[in-house]
Q: 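Can you read through this structure? Questions will come right after.
Values below: all heavy atoms of this structure, side chains included; hydrogens, waters and symmetry mates excluded.
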Amino acid sequence: MLIGYARASTLEQNLKLQRDALKKAGCRKIYTDKAGGSVEGRSGLAKALESLRRGDKLVVWKLDRLGRSLSHLVTLLEELKEQGVGFRSLQENINTTSGVGKLVFHIFASLAEFERDLLRERTLAGIASARSQGRLGGRPRALDAKQIAQAKAMHKSGKIPLNEICAKLGVGRTTLYRYLKGAEGRKRKPARKRRKRAR
């Protein structure tokens, strides 16, 4: 059985073109999603995947209607393959149940792995570059030393309300309290050793 899936990435896009193409291809059921685009918000795709049975085929008008990225697309196709479900994309003329389609899928899988490796290399290179410049990563400080001194002075004066200090420095109350208490940029005093009581 052929199950169709159509998605419009914006509210302005019309699903009619995709629906008509999927019906012409022989799809008995067609599930749709409109706007949004996040994987979590695609209830139509979830229903389409749930309805598929071994021997069925998922059909889309175009590859980018199914996957949000190459790696996401490959993951979905691998899951379909494990379930014994075929896949067809009308615009790209891809059919994973044919010999050529299987070859195309393997090429996609290789490209997705290449994409992941590149991303990993860039991330590691970025971390190494930051360390060489003295930046150890993590979240950047919200306030610099001058702003911290300014915040402490305003707070110590007792004339400026906390919400006004926050507005001037562009931070929230929690962040301001953290700096005022010296949670950043100041070492904690060592704990005092308890004196042993004379017996």
Side-chain angles (χ1 to χ4, degrees), residues 1-133 135-140 142:
M1 184 168 149
L2 300 182
I3 303 291
Y5 173 68
R7 179 178 65 82
S9 54
T10 65
L11 289 168
E12 288 76 25
Q13 285 183 347
N14 198 325
L15 288 167
K16 189 178 185 304
L17 174 67
Q18 295 180 54
R19 280 178 174 276
D20 290 346
L22 293 171
K23 283 178 183 176
K24 192 176 179 181
C27 294
R28 292 186 188 178
K29 291 182 181 178
I30 298 173
Y31 297 88
T32 63
D33 282 316
K34 201 161 187 178
S38 66
V39 177
E40 296 80 5
R42 294 162 70 179
S43 58
L45 177 59
K47 288 174 184 175
L49 296 175
E50 283 174 16
S51 69
L52 291 164
R53 299 291 177 265
R54 182 170 290 276
D56 287 347
K57 189 181 288 185
L58 179 66
V59 185
V60 295
W61 179 65
K62 203 174 178 184
L63 280 174
D64 64 1
R65 300 299 88 195
L66 179 66
R68 298 299 296 162
S69 65
L70 184 59
S71 56
H72 177 232
L73 178 64
V74 169
T75 301
L76 283 173
L77 294 183
E78 283 177 341
E79 288 173 3
L80 293 176
K81 185 182 177 184
E82 287 173 9
Q83 295 167 19
V85 174
F87 171 76
R88 183 180 171 196
S89 176
L90 301 178
Q91 286 292 300
E92 290 86 2
N93 199 23
I94 294 170
N95 186 345
T96 59
T97 57
S98 70
V100 174
K102 288 175 183 175
L103 175 63
V104 170
F105 171 72
H106 288 303
I107 292 170
F108 280 165
S110 298
L111 287 172
E113 188 176 353
F114 176 67
E115 185 182 54
R116 286 192 294 268
D117 288 343
L118 274 181
L119 182 62
R120 196 179 301 116
E121 282 179 19
R122 285 173 188 163
T123 303
L124 292 173
I127 292 169
S129 174
R131 282 179 178 164
S132 69
Q133 294 173 28
R135 299 196 308 270
L136 299 176
R139 292 173 65 181

Q: So, do Leu45 and Leu66 sit near enough that their side-chain heavy atoms are less than 4.5 Å apart?
A: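 A side-chain contact exists here, since the closest heavy-atom pair is under 4.5 Å.
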Q: Starting at CG of Leu22, measure out to CZ of Arg28 and round the result to the nearest 0.5 Å.
A: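 That separation rounds to 15.0 Å.
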Q: Any donor-acceptor pair under 3.5 Å linking the side chain of Asp56 with the backbone of Val85?
A: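 No.
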Q: Evaluate the side-chain proximity of Ile30 to Val59: yes if any heavy-atom separation is below 4.5 Å, no if none is.
A: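 Sidechains of Ile30 and Val59: no contact.
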Q: Mind checking the CZ-NZ spacing from Arg7 to Lys62? Nearest 0.5 Å is all I need.
A: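 If we round to the nearest 0.5 Å, Arg7:CZ and Lys62:NZ are 11.0 Å apart.
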Q: Mind checking the CG-NZ spacing from Leu2 to Lys23? Nearest 0.5 Å is all I need.
A: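 One gets 14.5 Å once the value is rounded to the nearest 0.5 Å.
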Q: Going through the checks in order, is the side chain to side chain contact (heavy atoms under 4.5 Å, CB included) test met by Leu58 and Leu49?
A: CA-CA 8 Å; Leu58 179 66; Leu49 296 175; 4.2 Å; yes
Q: Using a 4.5 Å cut-off on heavy atoms from C-beta on, say whether the side chain of Phe87 contacts that of Leu76.
A: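 Leu76 does not reach Phe87 side chain to side chain.
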Q: Does the distance from a Lys or Arg side-chain N to an Asp or Glu carboxylate O, for Asp20 and Lys24, drop under 4.0 Å?
A: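 Result for this pair is no, no salt bridge flagged.
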Q: Rounded to the nearest 0.5 Å, what separates atom NZ in Lys57 from atom CD1 in Ile3?
A: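 So the gap between those two atoms works out to 12.5 Å.
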Q: Nearest 0.5 Å, what's the CH2-CZ distance between Trp61 and Arg88?
A: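 Between Trp61 CH2 and Arg88 CZ, I get 14.5 Å after rounding to 0.5 Å.
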Q: How long is the gap from CG on Asp33 to NZ on Lys47, to the nearest 0.5 Å?
A: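 It comes to 8.5 Å.
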